[in-house]
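Proteins come first, then strands; the chains are lettered A, B, ... in the order of their sequence lines, and each starts at number 1.
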Number of protein chains: 2
Amino acid sequence: MSKKISLKDIAEAVGVSTALVSYVLNDKDEQTRVNKDTAKRIREMAKEMNYQPNQIAKSLKSGKSQAIGLLVADISNPFFGNLARAIEDEAKKHGYSVLFGSSDENLENSQRLIDTFINRQIDGFIIAPAEGTASQLEYLKKANIPFVLIDRYFKDLETSYVVIDNFNATYQATQLLLNQGHTKVAYVCYKNQLQHTEDRYSGYLQALLDHGNAEDSNLICEVEFNNAAYFREQFIELLQPDRGVDAILFSTNTLSIMGLKIINELNITVPDDLAVFCFDESEAYDLFYCPISYVKQPLSMIGKEAVKILLEQLRGKASSEQKVMLDVEIVARKSCQK
Amino acid sequence: MSKKISLKDIAEAVGVSTALVSYVLNDKDEQTRVNKDTAKRIREMAKEMNYQPNQIAKSLKSGKSQAIGLLVADISNPFFGNLARAIEDEAKKHGYSVLFGSSDENLENSQRLIDTFINRQIDGFIIAPAEGTASQLEYLKKANIPFVLIDRYFKDLETSYVVIDNFNATYQATQLLLNQGHTKVAYVCYKNQLQHTEDRYSGYLQALLDHGNAEDSNLICEVEFNNAAYFREQFIELLQPDRGVDAILFSTNTLSIMGLKIINELNITVPDDLAVFCFDESEAYDLFYCPISYVKQPLSMIGKEAVKILLEQLRGKASSEQKVMLDVEIVARKSCQK
DNA sequence: CTTTAAAGCTTAAACGTTTAAACAAAAAGG
DNA sequence: CCTTTTTGTTTAAACGTTTAAGCTTTAAAG
């Protein structure tokens, strides 16, 4: 019981052609008028021999691999892990498998993964695109390979995407902090050209302006990705008493966690010394001595929608790009109080 | 620039047979004495036409898909997310892609994923096996499909695996708590038949005994997987003052997190009212008001080793099963002090 | 009876590769 | 000059499917 069983093996065992076996096992025996008895014998033999169809051969014939490629920044980041899980579940429901790859926000990694996945004939992509990958997406478009962006998108690129309303997310969070009476609300973010980064900043800024506050570069802590030392330096600087910051809004989960650690180190008390509003979910938010307020993204919804849209495109209902913008949930807890 | 380019297209463009193109693009032009000039023309044309080999066709021919299947309980659990990342990186280095699937510790899900992956002709598995899946693994053995277990293993099943020294992990943690002067060290674990569950319990128990304490069922909180309500009930029961518990050892990361939440809810102070020792890593351990002690697993090492072993098996050096048991790191911090 | 239709099955090509074997032409050896 | 070797290339089969088209045999219709 070691060798793989093929259609041919079944055909020989039953004494028919492979065509007939194929018809029956694909439930096309009605349309192709296979004798009921023959069909039964084929089905029985397939079961007896424990036949497992070779998806590779099917794929080669059909040109469809029934697989989708998931490209994220880092699968070990729970944010992407949760997205991956939602995508896996939805894909599985429709008979699709998921290949994943982590780009680490790096251009070449992203390109290599795209190439690998194309070679593997994946039917489509779900991508959380890294900065500067617009040209890679252009290429996919030209090559007619369907894809859906998640988490991030490009304003000047016509693609399908499922993102959150980033502007509104930070707008609401900032507004909440301001309404609580905080006067110097700082903002911590990554320095990059991605649209969602800009949208989040705009939301923060607009809330400030609408509240009668002026834009203040002293309140902004903008750091590079993957540079913990630089973050530490900048963030500690932001917390110096002379800056007078009394509230902080973090714009991603990684920044939130890194920030909270330093706040603890410096023995700053939340929310008495400093109010805090974080982004995304983390077990840590519940376990912090002061329950952390956060912007909650509808991760399962994002994953589910992305798969749905991708499948529609695969099925040729590629009517046009679909752009979905989902609302976030503002979870306000003790950490943002005055 | 929409249609896929095949060997045939290049062959026609250059005016040679597909065989020659195949030889050249696989760098076999030396051995097969292809004319240098022809080879150059083929290479140039391939580049010009942006040829991307069809891995599906290659796989069908070779019987090797250059893909491995990763089966975990839940990819959104950071523990598995981190393992997945380590596995992805190591696999990528050797030209392998990774398909993943979450079983949710469920038998049928596990079987379905295995079947799907076999259909897809993955070359081998890396599996964190769910309870009761021994027979599924037996099947893989019989079918000669290479696999390596991670995190868990079965004592009476000859397989390759990469796990931690679970006995030692809980032994050391328990001993540390006892040496600090805690007298009633409770143990929180899942109720299942998995070997690592038993090993961890044995480690805890042996430490108690070696310290002159007796086994005490009042100190054990054993709960079912995926039943938060039951856990809450049992765990609160364990914390009742009359039980006199002064320290707790959690045996997994999910139990740790759930437990800490309830400890917070009940306003129990760590470590004054109760010492705590957790398992695995979590951002929350650093951000808890009292830094949490924990048993740190060498996740990248586990992932890396698992891939290495699997690849050795794939390359036919299937000398015999390889069993790797790695040491954990005991990170003792304030939470375990008296 | 003959013709037509229906039922039940097989043949063969195709998907994009790989690779052993065959072949032709040119070069070398005698 | 003929034979052998070398060089450079093509042919064709194979991997495991799918599926249009063709082929028998039997049944129905006239």
Side-chain angles (χ1 to χ4, degrees), chain A residues 3-43 45-46 49-67 95 118-123, chain B residues 3-43 45-46 49-67 95 115-116 118-123:
Chain A
K3 218 215 131 229
K4 284 266 171 68
I5 301 298
S6 74
L7 282 188
K8 207 173 155 193
D9 298 317
I10 300 180
E12 276 167 11
V14 178
V16 294
S17 70
T18 59
L20 218 47
V21 181
S22 173
Y23 287 136
V24 171
L25 297 184
N26 286 297
D27 293 324
K28 293 191 179 146
D29 48 328
E30 300 287 318
Q31 306 136 62
T32 52
R33 336 165 278 231
V34 177
N35 183 292
K36 291 216 167 164
D37 187 58
T38 314
K40 195 169 154 237
R41 271 163 48 227
I42 289 173
R43 270 186 246 272
M45 185 57 77
M49 300 177 89
N50 188 31
Y51 170 69
Q52 312 254 88
N54 183 327
Q55 178 63 40
I56 293 276
K58 283 190 176 196
S59 296
L60 182 59
K61 190 80 227 304
S62 67
K64 301 281 147 218
S65 63
Q66 297 286 113
I118 291 181
N119 290 173
R120 290 185 177 279
Q121 312 296 117
I122 56 115
D123 295 336
Chain B
K3 218 214 134 229
K4 283 264 170 70
I5 301 297
S6 74
L7 283 188
K8 207 172 153 192
D9 299 317
I10 300 180
E12 276 167 11
V14 179
V16 295
S17 70
T18 60
L20 219 45
V21 180
S22 173
Y23 288 136
V24 171
L25 296 185
N26 286 296
D27 293 324
K28 292 190 180 148
D29 48 329
E30 300 288 317
Q31 307 137 61
T32 52
R33 334 166 278 229
V34 177
N35 182 292
K36 291 218 168 163
D37 186 57
T38 315
K40 192 167 158 242
R41 270 162 52 226
I42 289 173
R43 270 186 247 272
M45 185 58 77
M49 299 176 91
N50 188 31
Y51 170 69
Q52 311 256 87
N54 183 328
Q55 178 63 37
I56 293 276
K58 283 190 175 195
S59 296
L60 182 59
K61 189 82 225 305
S62 66
K64 301 281 150 219
S65 62
Q66 297 286 113
D115 287 343
T116 311
I118 291 181
N119 290 173
R120 290 185 177 278
Q121 313 296 117
I122 55 116
D123 296 335

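Heavy atoms of Lys28(B) sit under 4.0 angstrom from primed sugar atoms or phosphate atoms, though from no base atom. Ser17(B) comes within 4.0 angstrom of a nucleotide base, judged by non-hydrogen atoms across all strands. Base engagement by Ser22(B) is indicated by at least one non-hydrogen atom pair under 4.0 Å involving a base atom.
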With a cut-off of 3.5 Å and sequence neighbours excluded, list every side-chain donor-acceptor pair involving residues 53-65 of chain B.
{"unit_1": "Asn54(B)", "atom_1": "OD1", "unit_2": "Ile56(B)", "atom_2": "N", "d": "2.8"}
{"unit_1": "Asn54(B)", "atom_1": "OD1", "unit_2": "Ala57(B)", "atom_2": "N", "d": "3.0"}
{"unit_1": "Gln55(B)", "atom_1": "NE2", "unit_2": "Ser59(B)", "atom_2": "OG", "d": "3.3"}
{"unit_1": "Ser59(B)", "atom_1": "OG", "unit_2": "Gln55(B)", "atom_2": "O", "d": "2.8"}
{"unit_1": "Ser59(B)", "atom_1": "OG", "unit_2": "Lys64(B)", "atom_2": "O", "d": "3.2"}
{"unit_1": "Ser62(B)", "atom_1": "OG", "unit_2": "Lys58(B)", "atom_2": "O", "d": "2.9"}
{"unit_1": "Ser62(B)", "atom_1": "OG", "unit_2": "Lys64(B)", "atom_2": "N", "d": "3.1"}
{"unit_1": "Ser62(B)", "atom_1": "OG", "unit_2": "Lys64(B)", "atom_2": "O", "d": "3.2"}
{"unit_1": "Ser65(B)", "atom_1": "OG", "unit_2": "Ala67(B)", "atom_2": "N", "d": "3.4"}
{"unit_1": "Ser65(B)", "atom_1": "OG", "unit_2": "Gln121(B)", "atom_2": "O", "d": "2.6"}
{"unit_1": "Ser65(B)", "atom_1": "OG", "unit_2": "Asp123(B)", "atom_2": "OD1", "d": "3.3"}

Just distance, no hydrogens or angles: give the donor-acceptor pairs under 3.5 Å from side chains in residues 13-22 of chain B, sequence neighbours left out.
{"unit_1": "Ser22(B)", "atom_1": "OG", "unit_2": "Asn26(B)", "atom_2": "ND2", "d": "3.4"}

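Closest approach of Ala39(B) and Asp29(B) over heavy atoms only: CB-OD2, 3.8 Å.
For DNA chain D, the outermost nucleotides in 5' to 3' order that have an atom under 4.0 Å from a heavy atom of chain A are dG16(D) to dA20(D).
Residue pairs meeting the salt bridge (charged side-chain N to carboxylate O under 4.0 Å, His left out) criterion with at least one member in residues 14-27 of chain A, sequence neighbours excluded, are Asp27(A)-Arg43(A). Counting only residues at least two apart or in different chains, side chain to side chain donor-acceptor pair (under 3.5 Å) contacts with residues 30-41 of chain A are absent.
Near DNA chain D, meaning a heavy atom under 4.0 Å away, the residues from residues 55-65 of chain A are Ala57(A), Lys58(A), Lys61(A). Using a 4.0 Å cut-off on heavy atoms, none of the residues of residues 30-39 of chain B approach DNA chain C.
Over its length, the helix from dC1(C)-dG30(D) to dG30(C)-dC1(D) turns its helix axis by 60°, as judged from the five terminal pairs at each end, rounded to 10°.
Applying the side chain to side chain contact (heavy atoms under 4.5 Å, CB included) test to Ala46(B) and every residue at least two apart in sequence or in another chain returns Ile10(B), Leu25(B), Tyr51(B). For Gln52(B), the side chain to side chain contact (heavy atoms under 4.5 Å, CB included) criterion is met by Asp115(A), Ile118(A), Asn119(A), Tyr139(A), Asn50(B), not counting sequence neighbours.
Of the inter-residue distances, the one linking Leu7(A) atom CG with Glu12(A) atom CD reads 11.5 Å to the nearest 0.5 angstrom.
Residue whose closest nucleotide on DNA chain D sits further toward the 5' end, between Tyr23(A) and Leu20(B): Leu20(B).
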